[in-house]
Amino acid sequence: MKILVIGSGGREHALAWKLSQSPKVQQVYVAPGNGGTALSPTLKNIPITDLAELREWALAEKIALTVVGPEQPLAAGVVDDFRANGLRIFGPTAAAAQLESSKAFSKDFMQRHGIPTARFETFTDPTAAHAYIDKIGAPIVVKADGLAAGKGVVVAQTLEQAHAAVADMLESNALGVSHNAGSDGVAVPRVVIEEFLQGEEASFIVMCDGKNVTALASSQDHKRLKDNDEGPNTGGMGAYSPAPVVTPQVHARAMREIILPTIRGMDKDGIGFTGFLYAGLMIDEEGKPKTLEFNCRMGDPETQPIMMRLKSDLVDVMMAATSGKLDTVELQWDRRAALGVVMAAGGYPLSPKKGDLISGLPKPEDDAVVFHAGTVLEGEEVRTSGGRVLCVTALADSVKQAQARAYDVSRGIHFDGMQYRRDIGFRAVK
């Protein structure tokens, strides 16, 4: 069986790494992949980014299954296109991917279907947005309505930060947001401004086949750049699994009040959901979860520790999920904890450096794997090519031991300007 993974990040490296372990697999291709997938003896990079060209390649190569990693191809309709051409692919359609690609669509959907989330208003007019911020006060959350590679959310602690976020998103587009089109088909800068929720965040990720839902192991991401959750928001500086804040009671409540109503609501709206559904949750002191956001794909860096803990054959799971038979599989998890530390380029998240030589990369071990994201292989040298460069991921009997193992491996790796947090997993360890 030949399998294709679309994407070039750490999430895609981890998915491809896990898929390649199946005895049913002849070859796993990654398009376009990165330096880590290029180095792997079990993976092969395909330098194609155009989706129509990739579909023709997949047809010619008789690819049995395609798994989509990032949000951009999903929003662009790769699932619709592949399915229309008889190719088996795991992910949501472009219409379903609006749960992530449009914050305005997502918030309106949640409000319509009674899914717990923060109170909000949507704006296209900067003057009205600034006035609303002055009226509500800080802390307050400003979200760009469009794809922004994980950097389109500003949790503003002050009015100045909130006003600056509106200016960046609605006026200058300093964050490089891919704005969504309005009713006339023209791209319109839009922001969602919502109340700040107190509590502890967790990543709640499930697989859906349009009808059945299977939850993955719980995890927790660290969005802020610096230790103690300080500094700007990023795409994620590290993650661990399981997340102690997701107790059995919280898990049951999230499924009952958020996940299942979302799948039913999408179906009711005529937009059946297939693929990974990621609910970013804020869990208050009473264990009540509210939805911060939806993503229509696996999280990055949550995928890396989750894949380290998954004992089931991911190919079997994917084949069931793309056949409407997800209810026939039960996922098996390693009882141990996994933790991943992201090593980011100098200047990340606003202006990451590229082209720096990476030294000290270790060989993968049973309990520690360095997943690549922003890397490229030039000859025999691995160099940086993006903001989040590596995710050093380790497996151990506890989060504290996994943390120690991951940082032990991290200390041997070097590239100019590298930055990483020293406290990934601190909530679980505490």
Side-chain angles (χ1 to χ4, degrees), residues 1-97 207-212 214 272-276 296-298 300 303 307 310 312-329 331 364 371-372 376-377:
M1 181 187 295
K2 295 180 183 178
I3 293 178
L4 169 65
V5 175
I6 298 177
S8 63
R11 165 185 47 227
E12 290 77 44
H13 188 182
L15 287 168
W17 169 82
K18 188 64 187 175
L19 288 162
S20 70
Q21 294 171 11
S22 172
K24 301 174 178 67
V25 169
Q26 173 189 344
Q27 181 67 60
V28 175
Y29 298 95
V30 191
N34 57 41
T37 53
L39 281 171
S40 172
T42 62
L43 307 175
K44 187 173 182 180
N45 283 359
I46 300 297
I48 301 174
T49 53
D50 180 80
L51 298 182
E53 187 182 344
L54 195 57
R55 174 238 302 148
E56 291 306 309
W57 176 87
L59 286 167
E61 285 292 325
K62 295 182 170 56
I63 296 297
L65 170 70
T66 299
V67 180
V68 189
E71 59 271 30
Q72 290 91 345
L74 294 171
V78 67
V79 171
D80 309 70
D81 185 24
F82 272 46
R83 282 184 186 164
N85 286 275
L87 290 164
R88 182 187 290 258
I89 184 167
F90 185 68
T93 62
M207 297 177 73
C208 314
D209 65 9
K211 179 178 61 177
N212 304 295
T214 296
F273 192 95
T274 57
F276 292 113
C296 294
R297 29 102 192 169
M298 282 285 276
D300 189 346
T303 305
M307 287 299 110
L310 182 63
S312 304
D313 186 322
L314 186 56
V315 172
D316 289 343
V317 180
M318 288 289 185
M319 295 303 281
T322 49
S323 303
K325 298 177 180 176
L326 205 47
D327 57 332
T328 65
V329 296
L331 300 182
F371 293 109
H372 291 230
V376 62
L377 186 62

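Start at 1 with the first residue, then count along the sequence.
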Worksheet item: Looking only at heavy atoms, which two atoms of Gly91 and Leu74 are closest? And how far apart?
Response: CA-CD2, 4.2 Å
Fill in: Interatomic spacing from CG in Leu15 to CG in Leu310 - rounded to 0.5 Å
10.0 Å
Practice prompt. Could you tell me whether the side chain of Asn85 and the main chain of Leu87 form a donor-acceptor pair under 3.5 Å?
Written response: no
Item to complete: Considering non-hydrogen atoms only, spot the tightest contact between Asp81 and Ala52 and give its length.
Response: OD2-CA, 4.4 Å
Worksheet entry | Side-chain heavy atoms of Met318 within contact of Met207, under 4.5 Å | yes
Practice prompt. Mind checking the CD1-CG spacing from Ile46 to Leu54? Nearest 0.5 Å is all I need.
Written response: 8.5 Å
Worksheet item: At what distance, to the nearest 0.5 angstrom, does CG of Asp300 lie from CD of Glu71?
Response: 9.5 Å
Practice prompt. Answer yes or no: is there a side-chain heavy-atom contact under 4.5 Å between Leu314 and Met307?
Written response: yes
Tell me which donor-acceptor pairs under 3.5 Å the side chains of residues 1-10 have, and how far apart each pair is, sequence neighbours excluded?
| from | atom 1 | to | atom 2 | distance (Å) |
| --- | --- | --- | --- | --- |
| Lys2 | NZ | Glu61 | O | 3.3 |
| Lys2 | NZ | Glu61 | OE1 | 2.9 |

Item to complete: Can you see which heavy atom on Ala14 is nearest to which on Phe371, and at what distance?
Response: CA-CE2, 3.6 Å
Practice prompt. Start with the C-alpha distance between Ile89 and Arg83, add both sets of side-chain angles, then the distance that settles side chain to side chain contact (heavy atoms under 4.5 Å, CB included), and finish with yes or no.
Written response: CA-CA 7 Å; Ile89 184 167; Arg83 282 184 186 164; 3.8 Å; yes
Item to complete: Report the C-alpha distance between Asp316 and Lys24 in whole Å, list the side-chain angles of each, state the deciding distance to 0.1 Å, and finish with yes or no for salt bridge (charged side-chain N to carboxylate O under 4.0 Å, His left out).
Response: CA-CA 9 Å; Asp316 289 343; Lys24 301 174 178 67; 3.0 Å; yes
Fill in: CD on Glu12 to OG1 on Thr303, rounded to 0.5 Å
8.0 Å
Worksheet item: Checking side chain to side chain contact (heavy atoms under 4.5 Å, CB included) for the pair Leu51/Phe82: CA distance, chi angles, key distance, verdict?
Response: CA-CA 9 Å; Leu51 298 182; Phe82 272 46; 5.6 Å; no
Fill in: Donor-acceptor contact below 3.5 Å, side chain Asn45 vs main chain Asn34
yes
Worksheet item: Which pair of heavy atoms, one from Cys208 and one from Phe90, lies closest together, and at what distance?
Response: O-CE1, 3.7 Å
Worksheet item: Taking all atoms of both residues into account, what is the closest heavy-atom pair of Val79 and Pro92, and its distance?
Response: CG2-O, 3.2 Å
Worksheet entry | Separation between CZ of Arg55 and CD1 of Ile63, rounded to the nearest 0.5 Å | 14.5 Å
Worksheet item: Side chains of Asp80 and Thr93: is there a donor and an acceptor less than 3.5 Å apart?
Response: no
Worksheet entry | Point-to-point distance, once rounded to the nearest 0.5 Å, from CG of Asn212 to CG of Asp327 | 4.0 Å
Practice prompt. Report yes if some heavy atom in the side chain of Trp17 is under 4.5 Å from a heavy atom in the side chain of Thr42; otherwise report no.
Written response: no
Worksheet item: Which heavy atom of Ala75 sits nearest a heavy atom of Ala94, and at what distance?
Response: O-CB, 3.8 Å
Worksheet item: Testing Arg297, Met298, Arg11 for side chain to side chain contact (heavy atoms under 4.5 Å, CB included) with Pro70, which one passes?
Response: Arg11
